[in-house]
Protein chains: 2
Amino acid sequence: MKEEKTIAVAVETPSTSRYSACLLFSANALARAITAIGDEEFGRFGICYSHAYMLCEVVDQPGITPSELSETLCLTPSTITRLVEKLEQKRLVRRESEGKKTLIYPTEEGESIQPEIAAAWDRVSERYSQVLGETDVCQLTQQIFKASKALGDGI
Amino acid sequence: MKEEKTIAVAVETPSTSRYSACLLFSANALARAITAIGDEEFGRFGICYSHAYMLCEVVDQPGITPSELSETLCLTPSTITRLVEKLEQKRLVRRESEGKKTLIYPTEEGESIQPEIAAAWDRVSERYSQVLGETDVCQLTQQIFKASKALGDGI
DNA sequence: GAATATTGTTTGCACATACAAATATCATTG
DNA sequence: CAATGATATTTGTATGTGCAAACAATATTC
């Protein structure tokens, strides 16, 4: 009797769960796990990882438009608007209307904290590389990005 | 004029973005892309993919507790509560309090639509396998799940 | 056996994200 | 040049998710 139970437990251990064989499940689990790291590092600036990336992009290309950001960051235009609003509230970027376009510029503060953001970014990479192994990370990242692009384009 | 535009598009293609080299970025991009497929298939039942998985789990193990679901689905207890509430509203599961535990059971309707859910699940797999290639999917899924587990445990 | 700690679950609050519709500007065509 | 179509951006609304705190019930310790 006991033996039967032991077998049952072994079967339902999470590593062999049916969900682990599901890309939809795994991809979201990974995203959540790694986002937790990102938010922890970027959270010191009161922003989340996508804000951080967006700020980098704006500092690099002052006057960038929401649609360009949408393309680069793989996020919906509406999401971009919301993120920009947040960064604007924090006085890290400002918006300028030019015709039907909106141009986004970094503020001085936005530019000045950018190096810290970049450093946090590096720390995030270090942290997950330490856990996963540097070479694995490179390969995995490439594969994952390729897959996301294929799915994004192919629908 | 037309030709110039074509060239410009080619230059700013996402595959050469610095973010593609970032696992945090790529993992989230993949999760969003694939969740879009999942929501499309499961959306016909008015639920999202995590509801679907949860319902499967509840049908398979009637009387399962939130903490067990939390473990299996890699989701926070509070998130589990919210998902259960939703499924309860839709009359697909019901809750029973037993001491400090909560036992979750499927309703008849919950049990009856479970096969359809499973079919939708298969369709999701088929759809992304078709885009990504079946063998790649297996390998990728395994790697991704392994990584998510490593990150989840190792923090 | 009462006080304290631990465990399981649920709320309050906040946030990233998306879809659909609204709005505003530009382009095109008759 | 007016009307219609296309494009860029923003809102309204909704949802999944998590953290921290509250709550409830069990376990432990003195």
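Distance, A:Leu87 CG to C:dT17 P: 12 Å, rounded to whole Å. At whole-Å resolution of the value, CD in B:Glu40 and C1' in C:dA18 are 14 Å apart. Nucleotide C:dG8 holds its P atom 17 Å from the CZ atom of B:Arg95, rounded to whole Å. Spacing between atom OH of B:Tyr49 and atom P of C:dT17 amounts to 14 Å, rounded to whole angstrom units. If you take CZ of B:Phe25 and P of C:dT17, they are 10 Å apart, rounded to a whole angstrom. Following rounding to the nearest Å, B:Asp39 (CG) and C:dA18 (C1') show an atom-to-atom distance of 10 Å. A:Leu103 places its CG atom 14 Å from the P atom of C:dT25, with the value rounded to the nearest Å. Atom NZ of A:Lys100 is separated from atom C1' of C:dA24 by 10 Å (rounded to the nearest Å).
Nearest-nucleotide mapping onto DNA chain D: of A:Glu85 and A:Asn28, the residue sitting toward the 5' end is A:Glu85. Projected onto DNA chain C by closest heavy-atom contact, A:Lys86 and A:Gly99 fall at different nucleotides, the more 5' of which corresponds to A:Lys86.
When heavy atoms are screened at a 4.0 angstrom cut-off, A:Ser50 is found touching the sugar-phosphate backbone but no base atom. Within the nucleic acid shown, A:Ser78 comes within 4.0 Å of at least one base atom, counting heavy atoms only. B:Pro66 comes within contact range of the sugar-phosphate backbone alone, with a heavy-atom separation under 4.0 Å but no base atom that close. Here A:Thr102 lies in heavy-atom contact (under 4.0 Å) with sugar-phosphate atoms only. Counting any heavy atom pair closer than 4.0 Å across all strands shown, A:Leu75 reaches sugar-phosphate atoms only and no base atom.
If you check C:dG8, C:dT17, C:dC15 against the side chain of B:Lys101, the one that comes closest is C:dG8. Here the side chain of A:Arg82 is nearest to one of C:dT17, C:dG8, C:dT10, namely C:dT17.
Between the side chains of B:Glu126 and B:Gln130, no donor N or O sits under 3.5 Å from an acceptor N or O.
The distance from the CD1 atom of B:Ile47 to the CD1 atom of B:Ile117 is 3.5 Å, given to the nearest 0.5 Å. Atom CZ of A:Arg95 sits about 10.0 Å away from atom CG of A:Leu87, to the nearest 0.5 Å. Taken to the nearest 0.5 Å, the CZ atom of B:Arg123 stands 9.0 Å off from the CD atom of B:Glu116.
Ring-plane geometry between B:Phe25 and A:Tyr53 is classed as tilted, the angle between the planes lying from 30 to 60 degrees on a 0 to 90 degree scale.
Under the ring pair (Phe, Tyr, Trp, His ring centres under 6.0 Å) criterion, no residue pair touches residues 122-141 of chain A, with sequence neighbours excluded.
Applying the side chain to side chain contact (heavy atoms under 4.5 Å, CB included) rule to A:Pro106 yields the partners A:Val58, A:Val59, A:Pro62, A:Glu111; only residues at least two apart in sequence or on another chain are considered.
Put simply, A:Leu69 and A:Tyr105 are part of two different groups of oily side chains (I, L, V, M, F, W, Y) that touch within less than 4.5 Å, one to the next.
Counting 5' to 3', DNA chain D first comes under 4.0 angstrom of a heavy atom of chain A and last does so at the ends given by D:dT7 to D:dG18.
Remark: B:Thr81 is not in phosphate contact with C:dT11, judged by side-chain N or O atoms under 4.0 Å from OP1 or OP2. An OP1 or OP2 oxygen of C:dA16 is reached within less than 4.0 angstrom by no side-chain nitrogen or oxygen of B:Arg32.
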